[in-house]
Amino acid sequence: WCFHKFRKSKPIELSFFIDETPVGSTVANKYREDLKSYRMHPDGRCGFEFAFPGQQFHSACRLAVYAGNTRIPLETFTSSEIPQVLTGDLPHIFFMHIPKTGGTSLNAFATRYFPQGYTATHIEVLDSGVYPQLATEKRYIAGHLTLQKIKQYFDPAAFHLVTLVRDPFRQLHSHLRWIRKIAADRRSDFFLKHEACVRDLAVQLQGCDLRINANLKSFVAGVEGFGLDFFDNLQTRYFLDYRPERVASSDLEKALTNAKQFALIGTVEQFEDFARQFCRRYGIAGTTPPRAFNRLPRLQLFNYENESVRSILLPLVHSDIELYRAVQSNQPSNAQHWDSASK
């Protein structure tokens, strides 16, 4: 990605050189969800893709990137520092993106290793009628689809299922902040584009000070209907192939059984280790693993480290806690992987 510090809305043209020989150019105007989410760029349209002609590479060649007509390169590096795009028989990966679990970071990291046009992220915003085409044409697919929806529209046996989970108290807090943010400006397009039920939840959260334990108790006790799909053990719900009204112990057992269908499951808290495991699994040349980023400033709705607060929140995370512990126990440092079939 690249943008002008003082003219962020004007895309920059970039030129690429191998050992001082020009090999092509592109414009940095592609949308990067991660840069917008991390508030590094106002609209995220500052990304670029450029494939260096591999046949011209040798171990000592120098690569350089120039902006516009400048004579000093923005960056110089060796060929070994460039992410190597996968070739040959590409893996079929479906990333089940559970909200607020580092999925934006994983998408930004993983998609750069696939040839242009072979990835699709946030497919939940697309009409489901295009899903069969995605299954045929794409090799890395990601979206906020539960396992139930994945099985409804895709053949899970045709994909390596991959996902991330997060400390349940942190995930719940982050998700509440995200929903609350929707109603920050009720006249904005961002607010109005959401369904009425989501807007109602956002307005409810805007009007409630959850730092007060009595208010937090009332909120937890009052979660019902559509709100259950957002806040009642959300991570466990994603591993189910049906929708329970409220998540019970039998649902947790089913979620843990379904987790064995996944090729890789990582945690946000060990994100770098998960990225390394992802690279090893799919033959990606060693690169610096990314860090998972929080998408919002650290506005704290409540202190989720406080034991009294955790006790209040327990009904909304009791199954997620057990799921998270099971994933932790299956991390590479403790076990090889989930007992999943090779694909």
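FYI, the numbering just counts along the sequence from 1.
A donor-acceptor pair shorter than 3.5 Å cannot be found between the side chains of Tyr304 and Arg310. Side chain to side chain, Thr236 and Asp320 meet the donor-acceptor criterion of an N or O pair below 3.5 Å.
Taking both residues in full, the closest heavy atoms of Lys8 and His41 are given as O-NE2, 2.9 Å, listed atom of the first, atom of the second, then distance. Minimum heavy-atom separation, Leu264 to Phe278: CD1-CA, 3.9 Å. In terms of heavy atoms, Phe6 sits closest to His4 at N-ND1, 3.0 Å. Of all heavy-atom pairs spanning Leu74 and Ala67, the tightest one is CD1-CB, 3.5 Å. Contact record, Ala28 with Cys2: CB-O, 3.7 Å, taken as the closest heavy-atom pair. The two residues Ala135 and Phe154 come nearest to each other via the heavy atoms CB-CD2, 3.8 Å.
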> Between Phe230 and Val223, is a side-chain contact (heavy atoms from CB on, under 4.5 Å) present by the stated rule, with each step listed?
Replying inline: CA-CA 9 Å; Phe230 275 73; Val223 174; over 6 Å; no
>> Could you go through Phe239 and Leu256, starting from their C-alpha distance and side-chain angles, then the distance that decides it, and tell me whether this counts as side-chain contact (heavy atoms from CB on, under 4.5 Å)?
In response: CA-CA 8 Å; Phe239 282 92; Leu256 292 173; over 6 Å; no
> Yes or no on side-chain contact (heavy atoms from CB on, under 4.5 Å) for His173 and Gln300, after CA distance, side-chain angles and deciding distance?
Replying inline: CA-CA 8 Å; His173 181 265; Gln300 198 167 51; 3.8 Å; yes
>> Applying side-chain contact (heavy atoms from CB on, under 4.5 Å) to Phe17 and Leu63, what does each step give before you reach the verdict?
In response: CA-CA 6 Å; Phe17 290 72; Leu63 310 170; over 6 Å; no
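Between the side chain of Ser218 and the backbone N or O of Ala214 there is at least one donor-acceptor pair closer than 3.5 Å. His144 places a side-chain N or O within 3.5 Å of a backbone atom of His97 that can act as its donor or acceptor partner. Side chain of Ser311 to backbone of Glu307: no donor-acceptor contact under 3.5 angstrom is found. With hydrogens and angles disregarded, a donor-acceptor distance shorter than 3.5 Å links the side chain of Gln235 to the backbone of Arg166. Of the possible donor and acceptor atoms, one in the side chain of Thr136 sits under 3.5 Å from a partner among the backbone N and O of Pro132. Between the side chain of Tyr31 and the main chain of Cys46, no donor-acceptor pair closer than 3.5 Å is present. At distances below 3.5 Å, at least one donor-acceptor pair connects side-chain atoms of Asp19 with backbone N or O atoms of Arg62. Checked by atom type and distance alone, the side chain of Thr70 never pairs as donor or acceptor with a backbone atom of Tyr66 at under 3.5 Å.
Counting only heavy atoms from C-beta outward, the side chains of Phe50 and Val65 never approach each other to under 4.5 Å. Using a 4.5 Å heavy-atom cutoff, the side chains of Phe302 and Ile212 are not in contact. At a threshold of 4.5 Å between non-hydrogen side-chain atoms, the residues Ile265 and Asn330 do not count as touching. At least one side-chain heavy atom of Ile312 sits under 4.5 Å from a side-chain heavy atom of Asn213. Using a 4.5 Å heavy-atom cutoff, the side chains of Thr101 and Leu106 are not in contact. Contact of the Ser25 side chain with the Leu14 side chain is not registered, since no non-hydrogen atoms from C-beta on lie closer than 4.5 Å. In this structure, Thr104 and Asn107 have side chains that are not in contact, with every pair of non-hydrogen atoms separated by 4.5 Å or more. Side-chain contact between Pro91 and Phe114 is present, with at least one heavy-atom pair separated by less than 4.5 Å.
Val27 and Val23 fall into different hydrophobic clusters, where Ile, Leu, Val, Met, Phe, Trp and Tyr are joined by side-chain heavy atoms under 4.5 Å apart, directly or via other members. Cluster membership for Ile321 and Leu240, using ILVMFWY side-chain heavy atoms within less than 4.5 angstrom, is not shared. When the side chains of ILVMFWY residues are joined at heavy-atom separations under 4.5 Å, either directly or via intervening members, Val125 and Tyr153 end up in a single hydrophobic cluster. Put simply, Leu314 and Leu210 are part of the same group of oily side chains (I, L, V, M, F, W, Y) that touch within less than 4.5 Å, one to the next. At a threshold of 4.5 Å between side-chain heavy atoms, the hydrophobic network of Ile, Leu, Val, Met, Phe, Trp and Tyr places Val220 and Phe169 in one connected group.
Every residue two or more places apart in sequence or in another chain that forms a salt bridge (Lys or Arg N to Asp or Glu O under 4.0 Å) with Arg325 is listed here: Glu322. In terms of the ring pair (Phe, Tyr, Trp, His ring centres under 6.0 Å) criterion, residue partners of Phe231 (sequence neighbours excluded) are, by chain and number, His175, Phe219. Residues passing the salt bridge (Lys or Arg N to Asp or Glu O under 4.0 Å) test with Asp200, sequence neighbours excluded: none.
Counting non-hydrogen atoms of neighbouring residues, nucleotides and ligands closer than 6.0 angstrom, the CD atom of Glu305 exceeds 12 such neighbours. Counting heavy atoms of neighbouring residues, nucleotides and ligands inside a 6.0 Å radius, atom CZ of Arg243 exceeds 12 of them. Around atom CG of Asn69, no more than 12 heavy atoms belonging to other residues, nucleotides or ligands sit under 6.0 Å away.
In this structure, CZ in Arg280 is found 8.5 Å from CZ in Arg276, a value given to the nearest 0.5 Å. Going from atom CG of Leu205 over to atom CG of Leu301 covers 7.5 Å, rounded to the nearest 0.5 Å. Atom OG in Ser9 sits 12.5 Å away from atom CG in Asn29 (nearest 0.5 Å). Atom CD of Gln171 sits about 12.0 Å away from atom CG of Leu164, to the nearest 0.5 Å. Distance check: Asp155 CG to Ile150 CD1 gives 11.5 Å after rounding to the nearest 0.5 Å. With values rounded to the nearest 0.5 angstrom, Leu145 atom CG is found 10.0 Å from Met96 atom CE.
Paired with Val317 under the rule side-chain contact (heavy atoms from CB on, under 4.5 Å), one option of Leu234, Leu323, Val247, Leu172 passes, and it is Leu172. Each of Val162, Leu90, Thr121, Leu86 was compared with Tyr140 under the side-chain contact (heavy atoms from CB on, under 4.5 Å) criterion, and only Thr121 meets it.
Using cut-offs of 30° and 60° for the angle between ring planes, the Phe109 and Tyr113 rings count as perpendicular.
For Tyr282 and His160, the ring centers sit closer than 6.0 Å to each other.
For Asp43 and Arg45, the salt-bridge test fails: no basic side-chain N is under 4.0 Å from an acidic carboxylate O. Salt bridge Glu137/Arg139: absent, no basic N to carboxylate O contact under 4.0 Å. At a threshold of 4.0 Å, the pair Asp232-Arg246 does not count as salt-bridged, since none of the basic side-chain nitrogens sits closer than that to a carboxylate oxygen. We find that Asp251 and Lys254 are not joined by a salt bridge, their nearest charged nitrogen and carboxylate oxygen being 4.0 Å or further apart.
Both cation-pi conditions hold for Arg199 and Phe191: the charged atom is under 6.0 angstrom from the six-membered ring centre and inside a 45 degree cone around its axis. At least one cation-pi condition fails for Lys138 and Phe94: the charged atom is not both under 6.0 angstrom from the six-membered ring centre and inside a 45 degree cone around its axis.
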